[in-house]
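Take a look at the structure set out below.
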2 protein chains.
Amino acid sequence: MPAVTIKDVAREAGVGVGTVSRVFNRSTLVSQETQQRVLAAADKLGYYPDVSARRLVKGRTRIIAFIERHTPRPPFVDAFMAEVLRGIHSVVIEEDYHILIEPCAPGEKGDRRLLNLIREKHADGLIISGPRIDDPIYRSMPNGQIPVVLQGYLPGEALACVDVDNYTGAYQATEYLLSLGHRRIAMISNGPFVYTAAEARKAGYLAALEKTGIEIFPEYICEGAFSPESGYQAMQSLLSLDPRPSAVFIASDTVAIGAIKAIEGANLLIPEDISIVGFDDIAWSAYLSPPLTTVRLPAQEIGEKAARLLMNLLSDDKTVCTQEFLPTRLILRGSCQPYSDNSR
Amino acid sequence: MPAVTIKDVAREAGVGVGTVSRVFNRSTLVSQETQQRVLAAADKLGYYPDVSARRLVKGRTRIIAFIERHTPRPPFVDAFMAEVLRGIHSVVIEEDYHILIEPCAPGEKGDRRLLNLIREKHADGLIISGPRIDDPIYRSMPNGQIPVVLQGYLPGEALACVDVDNYTGAYQATEYLLSLGHRRIAMISNGPFVYTAAEARKAGYLAALEKTGIEIFPEYICEGAFSPESGYQAMQSLLSLDPRPSAVFIASDTVAIGAIKAIEGANLLIPEDISIVGFDDIAWSAYLSPPLTTVRLPAQEIGEKAARLLMNLLSDDKTVCTQEFLPTRLILRGSCQPYSDNSR
DNA sequence: ATTTGTAATGGAAACGTTTCCAATAAAAAT
DNA sequence: ATTTTTATTGGAAACGTTTCCATTACAAAT
């Protein structure tokens with residue numbers, strides 16, 4: 001059974017192909033009566049326009065690509081990413097766009113895949129997630145060829161982007177620990193500092209300490225790697241320090257879970273011996289014991305904003321390339337308490 | 001700057017368009033020499049074949065759609081889903097396929113979206129995730145129009161599918177609790193029983209009990225709803241029972257987290273007062289306290305298998321519609337202990 | 001010398017739309 | 001009555017590929 005095309009419908013309805021096309025594009029310049037006839041014919045024949053043909057002639061795909069540009073290992077794992085995706089989807093669906101997901105880890109292969117995506121015109125626009133400071137791709141990208149919005153932030157690039165305000169989030173978390181009287185405050189990053197989010201959170205942490213005039217110990221700053229395991233490791237090294245920190249700001253709840261394990265393993269109590277503030281407010285955080293005080297980020301909203309921005313760039317190109325930073329919120333739960341000298 | 005097409009390359013290289021096309025399709029019937037010339041010309045002009053045009057003439061998109069057919073609420077949230085997606089991606093990328101993600105919740109809108117996806121030829125094949133028993137869509141799907149593999153299982157449908165062996169997983173989990181001497185074993189499902197996975201896990205649980213000849217209390221069977229919150233609720237109702245269960249099989253780690261909270265809230269200890277077995281082995285499970293004994297499922301492998309199956313269906317249509325059920329593995333950790341009469 | 005076979009190539013047709021231009025009919029303005 | 005405008009419509013051209021068929025050149029076989 002060969003596919004039924006627009007010509008079949010035209011013949012059936014006794015009209016020209018142009019008219020059929022106009023009907024299906026909700027063009028107003030076709031009389032009520034023929035419109036009925038065309039629709040009836042299409043229905044009878046079971047006609048649906050072929051999206052590939054439409055794309056060819058229109059030069060538009062109505063597809064946006066979501067580029068996962070994280071390190072080779074965890075492309076989709078992040079529950080955060082899933083929520084962002086949900087946000088994106090909820091807005092593009094309104095405009096009848098579709099989403100292509102493309103994990104393109106930095107490196108020869110991923111770079112080529114990303115570039116080809118643009119050059120072969122797979123999508124009309126890109127949302128790039130998880131940018132790294134050391135990523136040279138933005139320079140080699142066919143310039144201005146395709147609208148891009150960064151989900152994240154890249155200093156120095158004139159790209160539209162939406163991100164959570166990592167700096168302020170970290171600043172407030174640290175400030176909160178300071179307000180509880182803590183002075184030996186360590187930090188474990190969510191991931192390597194080549195990720196701008198990790199860097200920004202560290203900067204917020206440092207700024208809060210500096211403002212209070214507290215000396216900064218380099219050994220108090222550890223690098224996580226997105227996993228509980230990395231948090232476990234980092235916390236162990238922190239616990240071996242003398243004096244050990246009385247509080248730790250951990251820039252990822254997932255990493256924090258491993259860190260908590262390490263603390264328990266050392267027979268220390270949270271928050272009695274060590275206070276903890278996390279970051280992300282994943283679904284599980286409220287159910288840890290004690291419930292984790294953490295920085296909540298509007299994951300879905302980030303996706304929505306990014307998508308909305310991209311939609312704007314796609315419809316009228318005179319849109320300026322905005323940079324939006326969405327506010328976080330510190331969620332107080334049970335993993336912190338005022339400083340008291342419980343350390344050795 | 002108008003896009004450079006195959007004609008430009010042909011002119012530049014002094015050959016016909018057919019030849020250029022052949023070069024780019026790695027056809028062997030073109031001499032080494034012209035091949036060089038064409039490639040050089042293409043490189044000079046910066047030519048890349050337009051994917052839409054190619055799709056139109058080939059009648060193939062080289063896109064597969066991943067259909068999220070869960071209930072309206074949580075389309076992407078599941079970390080499990082993310083891993084499956086990763087598995088899918090890792091195999092389709094080898095064949096130069098792309099992935100479209102399409103949350104199509106059951107209902108008028110989602111149904112139409114799913115159907116249009118097929119009828120407008122957005123993709124060559126479908127992987128449908130999260131099937132529900134009560135989903136009528138499979139009957140209204142353009143029959144045999146498009147290769148489909150189910151990520152999950154739907155009894156009675158002659159569809160290719162790959163799923164985890166939920167039944168056996170649940171059976172083994174329950175059997176384990178029985179072997180520890182427990183007799184009052186409750187269960188909380190991962191989600192509503194219209195989801196085949198939830199149903200199968202319940203069946204496995206029941207079968208284990210029946211085999212041991214244990215009376216089944218309907219009040220011991222609770223319905224979760226994918227969230228920690230739902231687990232919290234369910235466990236509270238379980239704890240109010242008299243006698244309360246000495247062990248609970250919870251068919252989702254995420255749900256289990258909420259349940260654990262409820263147990264702690266009642267000032268009971270795991271595993272001293274209640275033993276717990278979860279399901280899924282999410283990243284956090286090993287870091288709970290006590291570490292959660294749970295049923296691990298090969299999430300990524302499911303994605304790989306499903307994708308591989310779909311690739312087969314796409315390449316030669318004589319492939320039979322296989323049904324694969326991947327084995328689970330019970331991971332013993334610290335949330336269970338032999339039965340002792342700690343209950344009131 | 002002629003025929004046959006093979007490898008390489010050019011170019012038209014086809015894929016299924018949209019869009020533009022011309023044509024027609026009807027209505028309005030002169 | 002004639003011209004101008006407006007509302008519909010038909011259909012050719014275009015979008016950028018692939019594929020098929022015909023052609024050419026040349027080697028091999030007769």
Side-chain angles (χ1 to χ4, degrees), chain A residues 1-39 41-42 45-63 96 116 118-124 145, chain B residues 1-39 41-42 45-63 96 116 118-124 145:
Chain A
M1 67 228 110
V4 22
T5 76
I6 204 171
K7 281 181 191 157
D8 302 318
V9 179
R11 193 176 323 114
E12 175 77 21
V15 299
V17 291
T19 302
V20 178
S21 175
R22 280 184 286 263
V23 169
F24 273 84
N25 288 285
R26 290 159 192 39
S27 169
T28 173
L29 8 158
V30 45
S31 74
Q32 279 297 322
E33 190 225 311
T34 34
Q35 198 154 331
Q36 297 300 326
R37 238 187 18 255
V38 168
L39 254 18
L45 266 37
Y47 167 76
Y48 291 89
D50 182 290
V51 77
S52 294
R54 182 179 284 197
R55 280 171 184 161
L56 173 58
V57 57
K58 289 255 214 190
R60 289 293 202 98
T61 60
R62 287 201 160 253
I63 288 178
D96 203 26
N116 276 351
I118 301 173
R119 302 193 277 216
E120 298 178 347
K121 302 207 179 64
H122 287 257
D124 296 343
Q145 297 282 59
Chain B
M1 66 226 112
V4 21
T5 76
I6 205 171
K7 280 183 192 156
D8 302 319
V9 179
R11 193 177 325 115
E12 176 76 21
V15 299
V17 290
T19 302
V20 178
S21 174
R22 279 185 286 261
V23 169
F24 273 84
N25 287 286
R26 293 167 189 33
S27 169
T28 175
L29 9 159
V30 46
S31 73
Q32 279 296 322
E33 192 225 312
T34 35
Q35 199 155 331
Q36 297 300 327
R37 231 175 37 246
V38 168
L39 255 17
L45 266 37
Y47 167 76
Y48 292 90
D50 182 291
V51 77
S52 294
R54 181 179 288 197
R55 281 171 184 161
L56 173 58
V57 58
K58 289 255 211 186
R60 289 292 203 97
T61 59
R62 287 201 160 255
I63 289 177
D96 203 25
N116 277 350
I118 301 173
R119 302 192 278 216
E120 298 178 347
K121 303 209 178 62
H122 287 256
D124 296 341
Q145 298 282 57

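Predicted, not measured: the structure shown is a model, and the values here were computed from it.
- When side chains are defined from C-beta on, B/V38 does not count as touching B/Q35, because their heavy atoms never get closer than 4.5 Å.
- Distance from the side chain of B/I6 is smallest to D/dT17 among C/dT19, D/dT17, D/dG16.
- In this entry the distance linking CD of A/E33 with C1' of D/dT9 reads 12 Å, nearest Å.
- No contact: A/F24 has no heavy atom under 4.0 Å from any strand.
- Taking atom CG of residue B/D8 and atom C1' of nucleotide D/dG16, one finds them 11 Å apart after rounding to whole Å.
- When the nucleotides C/dG16, D/dT17, C/dT9 are ranked by their closest atom to the side chain of B/T5, D/dT17 comes out on top.
- At a threshold of 4.0 angstrom between heavy atoms, the contacts of A/V51 with the nucleic acid are absent.
- When the P atom of D/dG16 is taken as reference, atom NZ of B/K58 falls 19 Å away, rounded to whole Å.
- Among the nucleotides D/dG10, C/dT18, C/dC15, the one closest to the side chain of A/T19 is D/dG10.
- Comparing A/Y48 and B/L29, the nucleotide of DNA chain C nearest to each residue sits closer to the 5' end for B/L29.
- Closest-nucleotide positions on DNA chain D for B/A53 and B/G18 were compared, and the one nearer the 5' end corresponds to B/A53.
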For residues 55-62 of chain B, dump all side-chain donor-acceptor pairs below 3.5 Å to protein atoms at least two apart in sequence or in another chain.
from	atom 1	to	atom 2	distance (Å)
B/R55	NE	B/T61	O	2.8
B/R55	NH2	B/T61	O	3.3
B/R60	NH2	B/L314	O	3.0
B/T61	OG1	B/I63	N	3.1
B/T61	OG1	B/D124	N	3.4
B/T61	OG1	B/D124	OD1	2.9
B/R62	NH1	B/E95	O	2.3

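- Nearest to the side chain of A/D50, among D/dA12, C/dT17, C/dG11, sits C/dT17.
- OP1 or OP2 of C/dT17 lies within a sub-4.0 Å distance of a side-chain N or O belonging to A/Y47.
- Residue B/A41 comes nearest to B/E12 through the heavy atom pair CB-CG, 3.4 Å, listed as atom of the first residue, atom of the second, then distance.
- A residue-by-residue look at B/V17 and A/V17 shows that B/V17 has its nearest nucleotide of DNA chain C further toward the 5' end.
- The CD atom of B/Q32 sits 13 Å away from the C1' atom of C/dA8 (whole-angstrom rounding).
- The minimum heavy-atom distance between B/A3 and A/K121, with the atom names listed, is CB-NZ, 3.8 Å.
- Rounded to whole Å, atom P of D/dC20 lies 12 Å from atom CG of B/N25.
- Residues B/Y48 and A/N116 are in side-chain contact: their nearest non-hydrogen atoms beyond the backbone lie under 4.5 Å apart.
- Minimum interatomic distance between A/R37 and A/G14 (heavy atoms only, all atoms of both residues): NH2-O, 4.0 Å.
- For A/S52, no side-chain nitrogen or oxygen approaches OP1 or OP2 of C/dT17 to under 4.0 Å.
- The base of C/dG10 lies close enough to the side chain of B/R22 for a donor and an acceptor atom to sit less than 3.5 Å apart.
- Distance from the side chain of A/V30 is smallest for D/dT9 among the nucleotides D/dT9, D/dT18, C/dT9.
- Taking atom NZ of residue A/K7 and atom C1' of nucleotide C/dT17, one finds them 10 Å apart after rounding to whole Å.
- Closest to the A/V15 side chain, of the nucleotides C/dT17, D/dG10, D/dT18, is D/dG10.
- The nearest whole Å value for the distance from the CZ atom in A/R62 to the P atom in C/dT18 is 12 Å.
- Residue A/S31 places at least one side-chain N or O under 4.0 Å from the OP1 or OP2 atom of D/dT9.
- In terms of position along DNA chain D, the nucleotide closest to A/T34 lies nearer the 5' end than the nucleotide closest to the other residue of the pair A/L56 and A/T34.
- Regarding A/R54, its CZ atom lies at a distance of 19 Å from the P atom of C/dC15, rounded to whole Å.
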